[in-house]
Amino acid sequence: MSSEQEEENAAELKIGEEFLKAKCLMNCEVALILDRKYNQLQAMSGDPMGQVSQVFEKSQQYVKRFSRYRNADAVRQVREILSRYRQAEFELCVLGNLCPETAEEAKAMVPSITTKERGCTDENIDKMLGDVSLIKKFE
């Protein structure tokens, strides 16, 4: 095991430079992208299922099933709220996909949100989760 691997620790947001810079998507964002692609295929062909691979179809079903938000405005708002609270991309996606209800749940799912540099107290985390849950109520 290399020393680089030993130093990585997701709980402390030490996950490697490539991963920190990567753009992550929530399931609901992937669902919107796949729906657009499906609609494009449908417009180009009388038989869209003939042009859609089984992997595409299964992927689309999966992200729809596990998407917490359905419309594009709600998806955009969730990303904006979580970004405002300075969540890293992968943290944002975990929180957006799993929708924890309490600070304790959020910290169990994403321990790195409590790093001192960001000053995320339980109160701040609860406020962030409350802001996100309001979107779901009004969707």
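For reference, positions follow the sequence shown, starting with 1. Values in this document were obtained by computation on a predicted structure and should not be read as measured data.
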Qualifying residues under ring-ring contact (aromatic ring centres under 6.0 Å, His included), relative to Y62, sequence neighbours excluded: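 For Y62, the residues satisfying ring-ring contact (aromatic ring centres under 6.0 Å, His included) (neighbours in sequence not counted) are F66.
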Heavy-atom pair with the smallest gap, counting every atom of [X] and [Y]:
| X | Y | answer |
| --- | --- | --- |
| L129 | A103 | CD1-N, 3.9 Å |
| N97 | R68 | O-NE, 3.1 Å |
| V110 | L95 | CG2-CD2, 4.1 Å |
| V132 | L82 | CG2-CD2, 3.8 Å |
| Y38 | F56 | N-CZ, 4.0 Å |
| C28 | Y69 | CB-O, 3.3 Å |

Using 0.5 Å steps for rounding, measure from the [atom1] atom of [X] to the [atom2] atom of [Y].
| X | Y | atom1 | atom2 | result |
| --- | --- | --- | --- | --- |
| Q60 | K64 | CD | NZ | 4.5 Å |
| E80 | D131 | CD | CG | 12.0 Å |
| L92 | I113 | CG | CD1 | 11.5 Å |
| L32 | R76 | CG | CZ | 11.5 Å |
| I125 | E104 | CD1 | CD | 8.5 Å |
| K37 | D35 | NZ | CG | 13.0 Å |

Trace of the side chain to side chain contact (heavy atoms under 4.5 Å, CB included) decision for I33 with L25: CA-CA 10 Å; I33 292 167; L25 296 174; 3.8 Å; yes
N/O donor-acceptor pair under 3.5 Å between S133 side chain and G130 backbone: yes
From CA spacing to verdict: side chain to side chain contact (heavy atoms under 4.5 Å, CB included), R79, C93: CA-CA 8 Å; R79 180 167 282 280; C93 287; 4.1 Å; yes
Candidate pair S112 and E91, rule side chain to side chain contact (heavy atoms under 4.5 Å, CB included), full reasoning: CA-CA 8 Å; S112 59; E91 294 170 326; 2.4 Å; yes
Atom CD of E101 with >12 non-hydrogen neighbours under 6.0 angstrom: no
NZ/K127: more than 12 non-hydrogen atoms of other groups inside 6.0 Å: no
Stepwise side chain to side chain contact (heavy atoms under 4.5 Å, CB included) test for K107 and D122: CA-CA 9 Å; K107 291 186 300 188; D122 284 0; 2.6 Å; yes
